[in-house]
Amino acid sequence: MDQAPEEPRQRSGSVSQQKPKVLRPFNTSEVKILLLENINQTAVDAFKKQGYQVETFTKALAGDELLEKIKDVHVIGIRSKTKLTKQVLEAAKELIAIGCFCIGTNQVDLDAAAKQGVCVFNSPFSNSRSVAELVIGEIIVLARQLGDRSNEMHQKIWNKVSANCFEIRGKVLGIVGYGHIGSQLSVLAESMGMTVYFYDVLQIMPLGTAKQKETLEELLSVSDFVTLHVPELEETKNMIGEREIMGYMKKGAYLLNNARGTVVQIPALVKGLKSGHLSGAAIDVYPKEPASNGPHFTEYNDLLECKNLIMTPHIGGSTEEAQSMIGVEVSTALTKFINQGTSINAVNFPEIDLRVINEEESNTVRVLYIHQNIPGVLKASEINEIFADHNVDKQYSDSKGAIAYLMADITQVTEEQIEIINHRISNTRANIKTRVLY
């Protein structure tokens, strides 16, 4: 007799999965998000999925228009053109967080933001591959003088030459700044037969067969191509000038800047190209850049006269893939900060987090207390006195410079008590910004 097939067994997990509680801010009816400079749709969709009110602009805002728009929003998202100065931030009375949908954060007054209790996030990883690929393309274009040949063909000039055109195999690439971009570039360059050296202020484990040089000058003196991947800091401003180009770089070398416009002194670059000491260069960033697209690039006419010079309008990370990933990365960080208070990967804040509150913990609230980093704030007469009548389930505090951040989950709290807790903490002497999530 045929046996009936066995019913498939239902597998049960050894640990029951508890759903996280969806927290909402006390005293805030609706979270308002302002996104400028054509932030990717992935971020817009992520915020709308959370139920936030989202307003978008394709351009940067400035002046009175920016002051008007920012005055009642809780979060603003920008790229590189919108400048969030201390004056602008002071007008943003409801602001709790800023999302820089790019790598750099020099367009934001980070200290002023922190002192106002505004947490700033950026995207240090997502466009690394796009920039690294652009550099590889620029190296090949420069080595073969393809930019000049293309311009000539557009003018109906046929100029078939091989003089001073080279393969990149066997050439030396010098990378200044071996971070996320520099290290990826290192791997790509080696795969194309280049020898890679790098210089960084930190001792870093190299990828592949790349080798670290002890000084910038040593790196410049051995490299056929020098590519810059450093942040804008006081130490990196005017990092590459006439001394470095004419004094240390090899005659016939190439310089590429996809980092920050203030790193290279433009007059020194022009001199290096016009004198023939440099065989070519690629520039994607400039000390002064137009605020919008259009015929506004009028600052550097001397560059327009240089041969074998690739000029691009700050598009190193401008690919569909990079912008999509940046949208996801930054919107995720902002959502966690709004909904849970998590400040992991913030650039101007202490980085702290607590495990999520579960649905079963119905009477638990999360207190987020941003305060001045001064002695005595947590002693019995202040915060701990406020917490004394309640059960503190978990608590974590950390500081960064003049700012400190406390997260605490308090159980068995009524809605009336939430209002009292919020009022008392908000009126402590060191308070900068207090939020209660429940």
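If you're wondering where the values come from, they're calculated on a predicted model, not measured in any experiment. Only this structure's heavy atoms are used, side chains among them; waters, hydrogens and symmetry mates stay out.
Here the straight-line distance linking atom CG of Leu256 with atom CD1 of Ile139 works out to 6.0 Å at 0.5 Å rounding. Distance check, rounded to the nearest 0.5 Å: CD1 of Ile240 to OG1 of Thr262 gives 12.0 Å. Considering CD1 of Ile168 and CD1 of Ile136, their distance stands at 5.5 Å, rounded to 0.5 Å. Distance check, rounded to the nearest 0.5 Å: CD1 of Ile421 to OG of Ser426 gives 11.0 Å. Atom-to-atom distance recorded for Ile370:CD1 and Thr434:OG1 is 7.5 Å, nearest 0.5 angstrom. To the nearest 0.5 angstrom, Lys237 atom NZ is 13.0 Å from Gln265 atom CD.
With hydrogens and angles ignored, the 3.5 Å screen pairs a side-chain donor or acceptor of Thr236 with a backbone N or O of Pro231. Proximity of a side-chain donor or acceptor of Ser191 to a complementary backbone N or O of Leu188 within less than 3.5 Å is detected. The main-chain N or O of Thr209 is found under 3.5 Å from a side-chain atom of Glu190 such that the two form a donor-acceptor pair. Judged purely by atom type and a 3.5 angstrom limit, Ser128 uses its side chain to pair as donor or acceptor with the backbone of Phe125. A distance-only check finds a donor-acceptor pair linking the side chain of Tyr178 to the backbone of Leu207 [under 3.5 Å]. A donor-acceptor pair under 3.5 Å is absent between the side-chain atoms of Ser223 and the main chain of Leu220, judged by distance alone. Side-chain atoms of Asn308 never come within 3.5 Å of backbone atoms of Leu278 as a donor-acceptor pair (strictly under, hydrogens ignored). Between the side chain of Gln116 and the backbone N or O of Ala92 there is at least one donor-acceptor pair closer than 3.5 Å. Of the possible polar contacts, none joining the Ser186 side chain to the Gly182 backbone as a donor-acceptor pair under 3.5 Å is found. Between the side chain of Asp224 and the main chain of Val172, a donor-acceptor pair closer than 3.5 Å is present.
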What's the verdict on side chain to side chain contact (heavy atoms under 4.5 Å, CB included) for Asp200 and Gln212, showing C-alpha distance, side-chain angles and the deciding distance? CA-CA 8 Å; Asp200 200 288; Gln212 186 165 6; 4.1 Å; yes
Please step through side chain to side chain donor-acceptor pair (under 3.5 Å) for the pair Asp353 and Thr342, ending with a clear verdict. CA-CA 5 Å; Asp353 191 15; Thr342 302; 2.7 Å; yes
Test log, rule side chain to side chain contact (heavy atoms under 4.5 Å, CB included), inputs Asn339 and Leu23: CA-CA 6 Å; Asn339 292 356; Leu23 300 176; 5.6 Å; no
Evaluate Ile310 against Leu142 for side chain to side chain contact (heavy atoms under 4.5 Å, CB included), listing each step before the verdict. CA-CA 8 Å; Ile310 302 170; Leu142 289 173; 3.8 Å; yes
Please test Leu368 against Tyr405 for side chain to side chain contact (heavy atoms under 4.5 Å, CB included), starting from the C-alpha separation and ending with a verdict. CA-CA 7 Å; Leu368 309 173; Tyr405 187 23; 3.6 Å; yes
Start with the C-alpha gap between Lys81 and Glu37, add the side-chain angles, then the distance that decides, and say whether salt bridge (Lys or Arg N to Asp or Glu O under 4.0 Å) holds. CA-CA 8 Å; Lys81 300 302 181 188; Glu37 303 183 62; over 6 Å; no
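Within a 6.0 Å radius of CG in Asn427, more than 12 heavy atoms belonging to other residues, nucleotides or ligands are found. Environment of CZ in Arg144: sparse, with no more than 12 heavy atoms of neighbouring residues, nucleotides or ligands closer than 6.0 Å. Residue-environment remark: NZ (Lys336) stays at or below the threshold of 12 foreign heavy atoms within 6.0 Å. Within 6.0 Å of CG on Asn159 lie more than 12 heavy atoms contributed by other residues, nucleotides or ligands. A 6.0 Å sphere centred on NZ of Lys433 holds more than 12 heavy atoms belonging to other residues, nucleotides or ligands. Under a cut-off of 6.0 angstrom, the local environment of NZ in Lys307 is sparse, with at most 12 non-hydrogen atoms contributed by other residues, nucleotides or ligands. Other residues, nucleotides and ligands contribute more than 12 heavy atoms inside 6.0 Å of the CD atom of Glu289. More than 12 heavy atoms of other shown residues, nucleotides or ligands fall within 6.0 angstrom of atom NZ in Lys400.
Across all their heavy atoms, Glu361 and Val356 have their closest contact at OE1-O, 4.3 Å. When all heavy atoms of Ala143 and Tyr254 are compared, the closest pair comes out as CA-OH, 4.1 Å. Across all non-hydrogen atoms, the minimal contact from Met239 to Glu244 is O-CD, 3.4 Å. Taking all atoms of both residues into account, the shortest heavy-atom contact from Gln145 to Ala163 is NE2-O, 3.8 Å. Nearest heavy atoms, Ala113 versus Val120: CB-CG2, 4.0 Å. Phe121 approaches Leu334 most closely through the heavy-atom pair CD1-CD2, 3.7 Å.
Test Lys49, Lys48, Gln41 against Asp45 for side chain to side chain donor-acceptor pair (under 3.5 Å) and you get one pass: Gln41. Each of Ile98, Leu84, Val347 was compared with Leu110 under the side-chain contact (heavy atoms from CB on, under 4.5 Å) criterion, and only Val347 meets it. Of the candidates Gln340, Arg366, Gln395, Met407 forms a side-chain contact (heavy atoms from CB on, under 4.5 Å) with just one, namely Arg366.
Side-chain N/O atoms of Thr312 and Asp284 include a donor and acceptor closer than 3.5 Å. A side-chain donor from one of Asn258 and Glu138 sits under 3.5 Å from a side-chain acceptor of the other.
Classified by interplanar angle (parallel below 30°, tilted 30° to 60°, perpendicular above 60°), the ring pair Phe101/Phe47 is perpendicular. By the 30° and 60° cut-offs, the orientation of the rings of Phe297 relative to Tyr300 is tilted.
In this structure, Leu228 and Leu255 have side chains that are in contact, with non-hydrogen atoms separated by less than 4.5 Å. The side-chain heavy atoms of Ile338 and Gln50, taken from C-beta on, include no pair separated by under 4.5 Å. Looking at heavy atoms from C-beta onward, Ile383 lies out of side-chain contact with Val367 at the 4.5 angstrom threshold. Two residues are said to be in side-chain contact when any heavy atoms from C-beta on lie closer than 4.5 Å; Met194 and Leu185 fail this criterion. Counting only heavy atoms from C-beta outward, the side chains of Ser123 and Glu329 approach each other to under 4.5 Å. Within the 4.5 Å cutoff, no side-chain heavy atoms of His371 are placed close to those of Thr428. Counting only heavy atoms from C-beta outward, the side chains of Asn301 and Leu304 approach each other to under 4.5 Å. Side-chain contact check for Ile357 versus Asp409: some heavy-atom pair is nearer than 4.5 Å.
Shown here are the salt bridge (Lys or Arg N to Asp or Glu O under 4.0 Å) partners of Lys69, two or more places apart in sequence or in another chain: Glu55.
Using a cut-off of 4.0 Å between Lys/Arg side-chain N and Asp/Glu carboxylate O, Asp72 and Lys32 are scored as salt-bridged. A salt bridge is absent between Lys115 and Asp109; no separation between the charged side-chain nitrogens and carboxylate oxygens falls under 4.0 Å. Using a 4.0 Å cut-off between charged nitrogen and carboxylate oxygen, Arg243 and Glu217 count as a salt-bridge pair.
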